[in-house]
Amino acid sequence: MSSTHAGLDLSAEASSPWADEPQVQAGWALLDCSLPAVRPIFEATAHEAIRRLTPETLLAYWSAGHTLGRLGRGAEPLIAWLTYWPEVVEAIGDEHAQVCLEKTMALLMRMHKSPNSKAMAPLLFSLGPTAHCLGSFSLLKAYLHSVSNFMDATTGSIHGRQASLASPGLIDMLAKTPSLLQKLSLEGWQAWLDFGQRAYANHPPQQVEYFSLRSTDSLAVIQRERHGLLMRDAERILSLSLKALWNTQAHFEPLPTAQIDVALGLQEKSVLPCIQIDRHSSEADDIVTMGLPDVLDDLSGVRAINRYLLMTMHMAAHKRWSTPCIADNWSPSQRVAVEWFEDTRIDLKLMTLWPGLRHSMMALYPPVKEGECNEATHACLLHRLSIFSRSVLDPSIELQDAGLSDWRSRFIDLLNDPAVNTERVAQLALQFVAKTRRPTDSQAEVYFTHTQVDWRDDNRHLWRFIEEGDEEDTSPSRSATSEEELKSLPPQLYPEWDEAAGNERPDWVRVYEFLHPSGQASDIDQLLLKHDALSKKLKRVIDQLKPQGRTRTRHLEFGSELDLDLAIAAQIDIKAGLIPSQRIEQHFKHIERDLSVQLVMDLSASLNEEAPGTRQTVLQISQEAVSILAWALSELGDSLAIGGFHSNTRHDVRYMHIKGFEESWAEETKARLAAIQPAYSTRMGAAIRHASRPLMSRKSAKKMLLVLTDGEPSDVDVSDPQYLTHDARQIVKELQAQGVFVWCIQLHPDFESSVRTIFGDHCTLVDQIQKLPEILANLFIRLTR
Amino acid sequence: MTWMVVDEPLYLPLGDEVALYEAAYAARLPVMVKGPTGCGKSRFIEHMAWRLKKPFITVACNEDMTASDLVGRFLLDQQGTRWVDGPLTQAARMGAICYLDEVVEARQDTTVVIHALTDHRRSLPIDKKAELVQAHPDFQLVISYNPGYQSVMKDLKQSTKQRFVAFDFDYPEAHKEAQILVAETGVTQAIADVLVRIATSARALKGHGLTEGVSTRLLVYTAILIQQGVSPAAACRMALVRPITDDVDIRQSLDHVIDACWA
């Protein structure tokens with residue numbers, strides 16, 4: 001065949017490389033594309049396509065290519081089509097190929113007609129790997145549907161009618177999707193998609209950041225959706241198990257098993273558990289930090305929680321029974337052998353003490369076999385050590401190599417000696433290395449297969465270096481302990497409820513808690529003088545409510561004492577021939593009150609307005625009301641905590657601590673109340689979440705949350721007026737479900753509807769604000785009678 | 001109704017408590033036994049009653065108990081009212097050992113009834129009958145309580161506490177506890193040892209989420225279940241984990257301990 005000159009010359013077809021292949025010729029004819037870039041790609045892919053696809057599919061493939069080539073969008077879509085479509089068909093199967101093609105072409109056409117035409121090629125680039133990850137046509141169909149919806153939702157329009165701005169995040173999203181689908185299920189990916197779309201539909205730059213995996217929200221959502229057990233969720237069980245089995249306490253640090261690479265998406269990283277021990281004079285004082293992978297899946301029939309437990313047990317065993325060795329004089333292969341021997345000793349001890357662990361350990365141990373490693377090409381030391389270790393743990397394994405078998409017996413003999421310790425095991429390991437060394441062990445290629453045992457740690461604790469090395473310090477450091485800063489505590493992250501998505505936005509709001517600065521306590525006392533009459537009235541009511549003395553319940557059938565009056569009446573009835581009442585006993589009971597109240601005050605800027613009908617500001621009236629309430633509660637003996645909040649976007653919600661449960665209503669707390677400065681906005685949900693934390697940890701029988709507000713929840717960075725209202729409603733519902741009694745006092749009658757949405761019937765509207773002190777106190781007494 | 005203890009209640013002495021109790025009884029001193037639930041307090045007193053061959057009356061105290069529950073009350077019938085003695089009065093009359101179990105659960109106005117019986121007067125005034133019952137020379141009062149449940153509300157007043165001599169009880173040491181299990185239920189020594197190991201691990205969680213550790217009584221129940229043919233792991237879950245906590249994390253941790261200990 002004479003060589004050809006690829007080009008636009010159609011007459012060159014006769015002398016093209018495929019002149020004697022009618023199928024390829026037919027394909028080229030069908031494709032009928034005159035774009036220069038296409039022909040080399042066609043040549044490269046045609047034979048593969050013919051091999052992989054059935055004739056009908058092939059026909060449809062090239063016809064679709066024909067359509068794509070004529071759209072006027074350049075060669076890219078067609079090139080992507082030719083390259084990746086066969087892969088998709090392979091992933092989903094031939095029987096669905098036609099339907100899938102139709103759906104994909106439909107989506108591509110939609111993209112072509114919309115401003116998103118540049119996304120056509122990226123869609124096809126990602127479709128192949130995506131199809132492989134998803135594995136089935138139904139999932140792929142759902143995927144295409146999601147992409148289509150996403151495109152519609154994020155394609156911007158001016159004047160709201162004609163779609164005219166391309167979706168900012170679509171191309172990045174398509175690029176990152178294949179790697180994400182390796183870590184997340186389709187639902188998880190859809191949740192990630194949904195979140196970004198709802199949160200950033202109107203913020204193009206942030207949308208791009210989110211979908212190119214550069215923003216922290218994106219990572220937080222991905223982490224939430226990853227399948228597998230998060231270490232954070234397992235942490236408590238691991239702590240409890242450690243305490244129960246070893247009487248030890250440790251701090252757990254999650255080690256990231258995935259890193260986000262801007263170019264490549266989510267990359268999996270393999271991490272080994274590690275332990276760091278700061279030893280003190282007594283074992284109980286040791287500070288132990290254990291690093292564990294941040295997410296684990298089930299493996300080899302062993303559940304993720306059991307994998308975590310094994311890792312923890314192994315490290316705890318090291319802490320108890322291993323002693324560090326000096327590493328400077330030993331070569332890397334010697335050190336590796338010592339580590340393997342010591343790990344084997346520890347694991348054997350674990351199996352002996354807790355026979356229930358044997359099953360999962362043997363299931364997780366890699367199925368290493370003798371002879372797998374080719375000594376001619378690879379260094380086999382690790383492989384030998386792995387076989388050795390496995391044969392010690394599972395004595396039923398027959399060893400072909402007599403030498404290894406001999407070492408196994410020597411090892412077991414050593415372990416039977418009650419005086420065995422790390423040093424002696426290390427000596428044996430060194431002998432092992434010396435005696436079983438092969439010249440091939442120093443080759444560059446190391447055989448790693450089946451040499452990583454799932455639960456074993458990296459053994460950094462086993463080595464001490466006298467000379468400084470250049471190893472980087474990769475020890476897991478404790479995250480900054482909560483040293484109280486002078487002004488505010490480190491921010492706490494809280495989720496926020498997104499009603500439209502029906503889901504929480506994780507770690508969305510930052511709350512900074514401040515100790516409220518103090519003012520003049522005498523100001524409060526002055527205010528209270530005004531309400532002298534009210535306080536006297538309240539005192540009488542409080543005295544009645546105070547738990548003292550006893551109540552008597554009469555007319556009981558089984559009480560504690562005979563009620564003589566009723567007994568005489570019953571006796572008279574008997575004599576009169578009537579049937580006597582059986583209920584002639586009575587019972588005395590002490591009155592008890594066990595109540596904790598958390599008061600949350602809205603300190604937003606609207607408090608500085610003047611209250612209608614008076615000369616005071618809403619703020620001053622609120623201060624009076626709260627002081628009276630606090631005094632009343634201190635008389636009654638109930639626990640009260642007071643806090644105020646205001647917010648300036650979701651990154652800066654401030655919670656001002658005015659009075660804690662343990663503090664009494666005295667000079668200091670009065671001074672803080674006096675110094676309130678209203679400002680900013682009202683992000684109520686976050687404040688309620690933060691305030692409810694100390695309340696929930698109280699041990700009272702009854703818990704109450706009072707919210708004092710003069711507006712509706714709103715914030716400068718939220719455009720949807722209902723969003724924060726729904727968020728507040730969600731947290732109120734959650735608290736009520738946990739048994740907290742929630743009540744709201746609304747100072748501004750205009751905001752009745754939003755308060756009713758949030759609190760339902762549990763709200764009091766104050767029409768005449770100068771009556772607030774009386775209303776608040778009476779409300780409290782009524783609710784807690 | 002006979003109050004005598006007929007069969008010997010099994011009790012394994014942990015120290016010299018038997019001799020000390022006999023000395024206290026010889027002087028008819030009121031005795032207080034303190035310790036966590038299910039560690040053998042009631043069993044010990046029952047054993048001593050059998051040993052000393054005295055009648056033995058137990059009263060389980062609770063929040064609703066009133067003084068009349070202990071002393072007695074008038075009951076109504078066709079003939080009119082008649083007085084019925086409560087357990088404390090019965091014991092005082094007949095010279096029995098009266099054992100008030102978990103006395104701190106009762107209200108304090110109830111417990112002061114025993115003050116007159118526990119000092120040199122040894123008499124019980126019954127106001128409603130205007131009678132003063134003088135205690136039989138063989139009468140002795142014993143109370144038990146669990147100091148771990150102390151709260152500000154529920155505690156014995158000092159005036160009550162200081163009328164008694166006290167014995168401290170705690171869960172036995174591992175080998176003794178295993179012995180008790182073998183003696184009570186007939187389970188093998190190996191199984192008893194594993195059960196005690198599990199109990200020790202669970203007790204380490206006291207204060208970290210568990211208010212009270214696993215009691216010897218629950219271990220005995222577990223052993224009984226195992227003797228009945230229930231698999232050891234299932235028996236442990238049923239008797240050692242499910243009753244003591246509803247916290248999901250603690251249950252899972254204890255389940256893991258159990259799975260690890262049984263082959």
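Residue numbers begin at 1 in each chain, while the letters A, B, ... track the order of the sequences.
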Neighbour count above 12 (heavy atom, 6.0 Å) for [X] [atom1]:
X         : atom1 : result
Leu578(A) : CG    : yes
Arg554(A) : CZ    : yes
Phe588(A) : CZ    : yes
Gln582(A) : CD    : no

Which region of Ile237(A), side chain (C-beta onward) or backbone (N, CA, C, O), has a non-hydrogen atom less than 4.5 Å from a non-hydrogen atom of chain B, or is it both or neither?
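For Ile237(A), the contact with chain B is made by backbone and side chain together.
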
Over all atoms of both residues, closest heavy-atom pair of Leu240(A) and Ser253(B)
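Of all heavy-atom pairs spanning Leu240(A) and Ser253(B), the closest is CB-OG, 3.1 Å.
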
Separation of [Y] [atom2] from [X] [atom1] (nearest 0.5 Å):
X         : Y         : atom1 : atom2 : answer
Arg236(A) : Gln252(B) : CZ    : CD    : 11.0 Å
Leu353(A) : Cys261(B) : CG    : SG    : 9.0 Å
Arg73(B)  : Glu561(A) : CZ    : CD    : 9.5 Å
Leu564(A) : Phe74(B)  : CG    : CZ    : 9.0 Å
Asp259(B) : His359(A) : CG    : NE2   : 10.5 Å

Heavy-atom contact with chain A under 4.5 Å, split by part of Arg203(B)
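Neither part, no heavy atoms under 4.5 Å.
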
Is Asp69(B) close to chain A through its backbone or its side chain, or both, or neither, when contacts mean heavy atoms under 4.5 Å?
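Answer is neither: Asp69(B) stays 4.5 Å or more from chain A.
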
Residues 222-249 of chain B: residues contacting chain A (heavy atom under 4.5 Å, by number):
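When heavy atoms of chain A are the reference, residues 222-249 of chain B contributes Asp247(B), Asp249(B) within the under-4.5 Å range.
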
Using a cut-off of under 4.5 Å for heavy-atom pairs, which of Ser201(B), Ala67(B), Ala204(B) has the most such pairs with chain A?
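Looking at each option in turn, the highest pair count goes to Ser201(B).
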
Student check: side-chain heavy atoms of Trp354(A) and His256(B) closer than 4.5 Å:
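Trp354(A) vs His256(B): side chains apart.
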
